[in-house]
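What follows is a short report on a single structure.
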Amino acid sequence: MSAAPTNPAPYSQSDSNLTNSAPAPYSTSKFGRFGGRFVPEALVAALDELAAAYDDASSDPAFQGRMRDLARHYGGRPTPLYFAQRLTEHAGPNAARIFLKREDLAHTGSHKLCNVLGQGLLTERMGKRRVIAETGAGQHGVATATIAALLGLDCVVYMGEEDTRRQRLNVVRMQLMGAEVVPVTSGTRTLKDAINEAMRDWVTNVESTHYLIGSVVGPHPFPVIVRDFVKVIGQEVRAELLETEGRLPGALVACVGGGSNAMGLFHPFIADEGVRLVGVEAGGEGLSGVRHSATLTGGSEGILHGARSFVLQDDFGQVRPTHSVSAGLDYPGVGPEHAWLADTGRAEYLAATDDEALEGFRLVCELEGIIPALEPAHAVLSALRLARELGPDQIVVLNLSGRGDKDVDEVSRLLAMTPAGQDLAAER
Amino acid sequence: MTRVIAAIQAANDDGRAALVAYLPAGYPDMDTSLSCLRAAAEAGADVLEVGFPYSDPLMDGPTIQAASQVALDRGYTPADDFAMCAQLTEAVEIPTLLMTYYNLAWHYRGTSRLDDFAAEAVTAGLAGAILPDLPAEEGQEWSAVAAGHDLATVFLAAPTSPDERLAAVAERSTGWVYATSTLGVTGERQSLSSMAAPLVARLRGCTDKPVAVGIGVTSGEHAREVASFADGVIVGSAIVRAAGDGGPDAVASLVAELAAGCRR
């Protein structure tokens, strides 16, 4: 394993890019060799405009003040950091204490609002009146529809047709708030195809429209901007643990699809070498086959959706269809900064299968009275294992990135087919 | 001077804009795509573009997306596409370029070595490459490899590109400069975008290289309009639709109409 990186925020040239008032058209942003902007020329000017607007907003106290005010009074931040006593006891007698970062209690029911709030205000700042977004599980789509209603913006959300079925509740939520939900029928009809369709819309309407991308993916400056808007998650954890426990956690655990909730939790701790960063990808039906979405643990380097990162692809560079029980992790790419954290060895990535995720889901429901989204449910068994490894003096923080209302239909359908589900059904 | 530029200049010297015809490999099947490309060459195209179908074609509209999906569903790989190109370039004289997305070049045969992809392109008799998701500043690695293999690289210029970007795009293009007529994805349009002529005029201010206009150029009438201000006319989706509807004969008849439009 290579040494921990000395620079916690590696963008080789983007610092100058983001601090120059005039965007430098030929600078690119990379995390090591990952990232960049592999997009049609028509979008480059918009990416430069976005980088400049973000730079300008970052040093504007009025913008920052409005963000903080809305995050608190509208969004419900800071979210609680909750000691999960029964889950800790379940881990074993000498286990580290497990805390849950309760992003499920934020407005809209997931961590997605922090990013959307920031980008929504940037959209206003750029004088654009229309936002488009992609969504997998629907959480980012709901958050985008929410902010569009709040700010009076037109909103179109692209969602794979398969996902509109799996996540029907979220489709209705978006529609109730005035967004148009467009089912995407191309390709595999899931999140990657929704991103393709959003990109096609953006390249057509780039002068009036902001593409409000929902994870730490895409061309520069999106991975940096989204990361900066979600890192409040880790900042809150850090401040609260230092205040109440007087120490840093031994490990942070989060699920990774595109990777925004994990990056939000990890980023403020990258320079703290004693804190293990553990990302859990969707192992689907297992890594021995192809029906999974574990990009870092089972993929190879490639270029997808505007950035060089890891990709699930065949030997000719065609992107492979993916599978996960959770629509939010069902994606063949991953954010370039995660690729960099994996490559340098600073963070560890592993995969949990559909069955392991359902087991994690069941444990959090039954032991803590919290119905988690299927996405963070992937990280529960890893949190238990880490708690046993680290021992009683340590702390493990699991990012509970969203609540599970949206998954209830799908889970009840799936649990009925597993031994655990039959137990659950028998108890009911 | 590259073969590609020479072919465009020869057409211009002959009193017409060069006609660049695009068709994807493997649509509706590999043999028919070869026949359609040959038909396009015989009917008056000056340059051919062969699309290598990709799983996530985010610059393409419904027509080329659907055609690409047909080819992918048949199981064709870029290696098969190269094999067809080798047959094509044996049979036609005019320069042929490949057009695809960067990951297919970058991950060819799982190697992450652009050199292998470029070498295969040369073996297949291709004259250059167009990679629409590779903007000039990310293209330095590819450009160096392509130059080493004597392959032309065509970069895209957009109506949204500021003048300083246009200059750099033009400088790095070693084929023509591809002016995208409008903001949007590939596909047929009712009328030619009013953004095309001003973009070409701006490019004229920063380069002497040939400028060809594509995206949304659909009919002989559009070709005539573009030929009045650009060196080349690029047509894709309309020819792809013809290939699907009526095979090589329909391609030949549309290309002949477009070629007539290109005459000044």
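The structure presented is a predicted model; accordingly, all values stated were derived computationally and were not measured. In what follows, chains are A, B, ... by sequence order, proteins preceding strands, each numbered from 1.
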So CH2 of A:W202 and CG of B:L58: to nearest 0.5 Å the spacing works out to 11.5 Å
Return the CZ to OH distance between A:F316 and B:Y76, rounded to the nearest 0.5 Å.
14.5 Å
Report which part of [X] has an atom under 4.5 Å of a heavy atom belonging to chain B: side chain, backbone, both, or neither.
{"X": "A:V319", "result": "both"}
{"X": "A:R308", "result": "side chain"}
{"X": "A:D201", "result": "neither"}

Heavy-atom donor-acceptor pair, B:N103 side chain to A:I303 backbone, under 3.5 Å:
yes
Please answer whether the main-chain N or O of B:P78 pairs with a side-chain N or O of A:Q318 as donor and acceptor at a distance below 3.5 Å.
no
pair B:S55-A:R320: side-chain heavy atoms closer than 4.5 Å:
no
Looking at B:L104, B:L156, B:V185, B:L72, which has the largest count of heavy-atom pairs under 4.5 Å with chain A?
B:L104
What heavy-atom pair brings [X] and [Y] nearest, and what distance separates the two atoms?
{"X": "A:S300", "Y": "B:H107", "result": "OG-CE1, 3.5 Å"}
{"X": "A:G36", "Y": "B:E138", "result": "CA-OE2, 3.3 Å"}
{"X": "A:A42", "Y": "B:T160", "result": "O-OG1, 2.9 Å"}

Which bit of [X] comes within less than 4.5 Å of chain A, counting heavy atoms only: side chain, backbone, both or neither?
{"X": "B:S161", "answer": "both"}
{"X": "B:A79", "answer": "both"}
{"X": "B:P53", "answer": "backbone"}
{"X": "B:Y102", "answer": "side chain"}

Counting heavy-atom pairs under 4.5 angstrom with chain B, the leader among A:M199, A:R200, A:E197 is A:R200
NZ/NE/NH1/NH2 to OD/OE distance under 4.0 Å, B:R165 and A:E41
yes
